[in-house]
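Structure first, commentary second.
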Amino acid sequence: MTDVPAPAPKPAQPRNPLHGLTLEAIVTALADYYGWEQLGHLVPIRCFISEPSVGSSLKFLRKTPWARDKVESLYLFMLREQRREQQQQQQPPQEPPAQ
């Protein structure tokens with residue numbers, strides 16, 4: 001018998017914001033943040049424009065890699081926007097310089 005080494009465990013992805021997220025969670029977050037109408041303008045696919053739902057979107061996105069890539073990219077952009085908004089809210093307003 002030959003000893004076959006066990007496959008190496010996949011490295012953890014602590015800095016990947018998509019790690020551990022389901023496609024359903026991504027679509028739901030985008031729909032909550034942008035709304036279906038705006039989401040249809042940002043990613044012009046029929047499942048976001050005509051009778052949008054999470055279920056129909058998931059069916060399409062699972063079969064269509066290019067559309068899924070666009071949705072995941074938009075999700076990452078949304079996270080950056082949210083982070084910027086939070087940082088702006090936490091900073092105290094700057095007073096205009098005295099003249």
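This one's a predicted model, so the numbers in the text were calculated from it and none came from an experiment.
Applying side chain to side chain contact (heavy atoms under 4.5 Å, CB included) to Arg80 and the options Met78, Arg84, Gln82 leaves one that passes, Arg84. Partner of Val71 under the side chain to side chain contact (heavy atoms under 4.5 Å, CB included) criterion, out of Leu42, Ile26, Leu39: Ile26 alone.
Between the OG atom in Ser56 and the CZ atom in Arg46 there is a gap of 11.0 Å [rounded to 0.5 Å]. Here the CD-CD distance, from Gln89 to Gln87, works out to 11.0 Å after rounding to the nearest 0.5 Å. Rounded to the nearest 0.5 angstrom, Tyr75 OH and Tyr34 OH are separated by 11.0 Å.
In this structure, Thr64 contributes its side chain and Leu61 its backbone to no donor-acceptor pair below 3.5 Å.
Note on residues 35-57: pairs passing ring pair (Phe, Tyr, Trp, His ring centres under 6.0 Å), not counting sequence neighbours, are Trp36-Phe48. Listed by first then second residue, pairs satisfying salt bridge (Lys or Arg N to Asp or Glu O under 4.0 Å) with a partner in residues 50-77 read Arg68-Glu72, not counting sequence neighbours.
Ile45 is listed as a side-chain neighbour of Trp66, based on a closest heavy-atom distance under 4.5 Å.
There is no path of hydrophobic side-chain contacts, each under 4.5 Å, that joins Ile49 to Val27.
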